[in-house]
Number of protein chains: 2
Amino acid sequence: MNDVARLAGVSIKTVSRVVNDEPGVHPSTAERVLAAIDQLGFRRNLSARNLRRGSSTGTIGLVLEDVGNPFYSGVTRAVEEIARLRGRQVISGSSDEDPGRERELALEFCSRRVDGLLIVPAGLQHSYLVPEMRAGTPVVFLDRPAGDVVADTVLVDNIGGTVEAVTHLASHGHRRIAFLGDAPDIFTANERLRGYREGCVRAGIGYHEELVAMGPHDESSVRTTLQRLHGMREPATAIVAGNNRITVYILRSLADVAERPALVGFDDFELADLLSPPVTVIAHDASALGKAATDLLFARLDGDNSPPRRVVLPVRLVPRGSGEVHA
Amino acid sequence: MNDVARLAGVSIKTVSRVVNDEPGVHPSTAERVLAAIDQLGFRRNLSARNLRRGSSTGTIGLVLEDVGNPFYSGVTRAVEEIARLRGRQVISGSSDEDPGRERELALEFCSRRVDGLLIVPAGLQHSYLVPEMRAGTPVVFLDRPAGDVVADTVLVDNIGGTVEAVTHLASHGHRRIAFLGDAPDIFTANERLRGYREGCVRAGIGYHEELVAMGPHDESSVRTTLQRLHGMREPATAIVAGNNRITVYILRSLADVAERPALVGFDDFELADLLSPPVTVIAHDASALGKAATDLLFARLDGDNSPPRRVVLPVRLVPRGSGEVHA
DNA sequence: GCGCACTATGACAACGTTGTCCCCCAGCGG
DNA sequence: CCGCTGGGGGACAACGTTGTCATAGTGCGC
């Protein structure tokens, strides 16, 4: 800006005025300044501007588990979309389910003075955010609740989802319904397990520990589990999968199996309708999740200081074939 | 920092020393300062720090087409991974194939003084980046080349890919091979068309305009095209799909068709192996693309000022079934 | 011709840091 | 007792902006 001022033969304040479209600059002066800007390729330094104005940095921090996972990339897309409408950029990072990494990312974002934080919690410890929140940085947790702070949270109806999955399978005559879920210390996995259990009880088929296998899962652990379930005296005739990855592992493991159990997967995924049989899922909308959380965040930025809210988004069962196989 | 200094009864410079682990602070003083920092929840303002030090902002700007697309979210993940190892955050944005939006994002990132830019070009005009590049911001284009500037570029072997697809289909006896590609003003679409044409010529089956349908495509345009191809006097017996979205549209359109043409899709996608028949694809690695581009960027940041490079990543044909149907 | 309003412009401080330089004081050798 | 050394700490400027206030010039009414 200094260089521009020198080249145009004006003070830096005048350059500032031109750059910010402030009134009170003579057209011919403005023209000279613009020419100088063009010639030097000047671009105003946003850091300095925000520092001086003490105003928003125009950024939102997003901490999620893994941008590579289609579910979270859908969330990211929705967040970005709304942030754009409100003139903000998104800085994001993946925690890979590591609480330390989550914390590191969130605090780094705070150091950059993001206007707000969206976090998919990896751990249960979030008191490290208390100073930031007290300092006025709004924080919204999504997909999972925070461990030890009270804050806005957007969840999906995990319990309702697995209740519905079990009810649906039971209505098709299944009495031996298995559940393959993610690691039980992950909030969503635990909730889905609770829903599964409740569904079993409601359907009058009872909860049987041996039909449950919690993760962490990979393709081979899923394969082993399926063999175990198949080899029982009373084999499982249906399976509820706890998330999209597990559903895929199950599909791969069953690819060369003739007699397939019924299957309902949690999370919808692309091409589920083109498999044979098409896969019945508990669907929920990644972009709705991202949108709800971002809307909440912006409401806070707009001055809403009502007590923290907890929003639970509905899920819906999409019957496609794999879950409508009779026992 | 001012408040911390006051509370600890020292000067702000001493606080700065403590925060930066600089030597020359008495342990007891440091302790007092740390206590004050803790009590006030102080976090150093990175913007101010970077402004003062004139150093890197520790950020990388990433402009891509759509984070929601699994291919680009794979790229994003790889970029993030490497940036993390090098202590950088990633700021990203989706252009949605809109050159204006791409430009807006890139320039906004420049205003934020990112250390470098990774761009999946939406348009052909990139001279707007010349001042930034001259000012020392390294820029790497990925997936597509820049329009009118010379810069580092990482591409995949689009031409080789479709040549191989056509050759493969011809070797299974197909002589009427169709090509459904994206809008021809998109670089990759155009390259893939060229490869298709070259493949046809090499295979000695000739290039026939009526077998080509360039986009933009949606599900219904693909459906119409397939009907046209099927209704010809000499119908197409095989199809090459220009990208993952088009492949999926084709699969959906063919879901209820008895007599299916052979199919090879460009871009691999999850579950391609579980469809029936499993889908043969020209695969290339999103994370390899992201990694190559980011490595190149960091090389520039490390001072490499050799002439701009153009890296072309190989593709490989993955035969799974849909492309091995004999004519 | 004088004062007044108004326009165009500039000088300067400040945002929150850090780099440079300087000062104070204790300890020590002569 | 003097001077020197070195450790601990502070004052001040500067990074690139913008907000505040001042000022010079211009035109206009009386």
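Please read these numbers as outputs of a predicted model, since none were measured by experiment. Below, read A as the first sequence line, B as the second, and so on, with proteins coming before strands; counting in each chain starts at 1.
- Distances were taken from every side-chain heavy atom of B:R53 (C-beta onward) to each of C:dT18, D:dT18, C:dT17; the shortest belongs to C:dT18.
- Minimum atom distance to the side chain of B:E22 is reached by C:dG19, of the listed D:dT17, C:dT9, C:dG19.
- In this structure, B:H284 and B:F71 have tilted ring planes: the angle between them lies in the 30° to 60° band.
- In this structure, B:R112 places its CZ atom 18 Å from P of D:dG16, rounding to the nearest Å.
- The nearest heavy atom of DNA chain C to A:I12 and to A:A30 marks one nucleotide each, and the one closer to the 5' end goes with A:A30.
- Remark: the B:R52 side chain and the D:dG16 base include no donor-acceptor N/O pair separated by less than 3.5 Å.
- In this structure, CZ in A:R144 is found 10.0 Å from CG in A:L124, a value given to the nearest 0.5 Å.
- Residue contacts shown for A:R17 include a base, since a base heavy atom lies under 4.0 Å away.
- Per the geometry, CG belonging to B:D21 stands 12 Å off P belonging to C:dT18, to the nearest Å.
- In this structure, B:S16 reaches the C:dT18 phosphate: one of its side-chain N or O atoms is under 4.0 Å from OP1 or OP2.
- A distance of 12.0 Å separates CZ of A:R88 from OG1 of A:T294, quoted to the nearest 0.5 Å.
- Salt bridge annotation for A:R300-A:D152: present, with a cationic side-chain nitrogen under 4.0 angstrom from a carboxylate oxygen.
- Regarding A:R49, its CZ atom lies at a distance of 12 Å from the C1' atom of D:dG19, rounded to whole Å.
- In this structure, B:N20 reaches the sugar-phosphate backbone alone: every heavy-atom distance under 4.0 Å involves primed, P, OP1 or OP2 atoms, never a base.
- Side-chain atoms of A:N45 lie closest to D:dT17 of the nucleotides C:dG10, D:dT17, C:dT17.
- For B:R245 and B:D182, the salt-bridge test passes: some basic side-chain N is under 4.0 Å from an acidic carboxylate O.
- At the heavy-atom level, A:G24 lies under 4.0 Å from base atoms of the strands shown.
- When each of B:P27 and B:A48 is assigned the nucleotide of DNA chain D bearing its nearest heavy atom, the one mapping closer to the 5' terminus is B:P27.
- Counting non-hydrogen atoms under 4.0 angstrom, B:L46 reaches nothing in the nucleic acid.
- Atom-to-atom, CG of A:N2 to P of D:dA13 comes out at 17 Å; the value is rounded to the nearest Å.
- At a threshold of 4.0 angstrom between heavy atoms, the contacts of B:V10 are confined to the sugar-phosphate backbone, with no base atom among them.
- Taking atom CG on B:D3 and atom C1' on C:dG16, their separation rounds to 11 Å, with Å as the unit.
- Salt bridge A:D295/A:R86: absent, no basic N to carboxylate O contact under 4.0 Å.
- Nucleotide C:dA8 holds its C1' atom 9 Å from the NE2 atom of A:H26, rounded to whole Å.
- Contact annotation for A:T14: backbone-only contact, meaning every heavy-atom pair under 4.0 Å involves sugar-phosphate atoms and none involves a base.
- When distances run from any side-chain atom of A:L51 to the nucleotides D:dG16, C:dT17, D:dT18, the shortest one goes to D:dG16.
- Side-chain N/O atoms of A:R44 include none lying less than 4.0 angstrom from OP1 or OP2 on D:dT17.
- Rounded to whole Å, atom P of C:dG16 lies 16 Å from atom CD1 of B:I37.
- Looking at heavy-atom distances under 4.0 Å, B:T29 makes contact with sugar-phosphate atoms alone, never a base.
- Computed from coordinates, the B:N50 CG to C:dC15 P distance equals 19 Å when rounded to whole Å.
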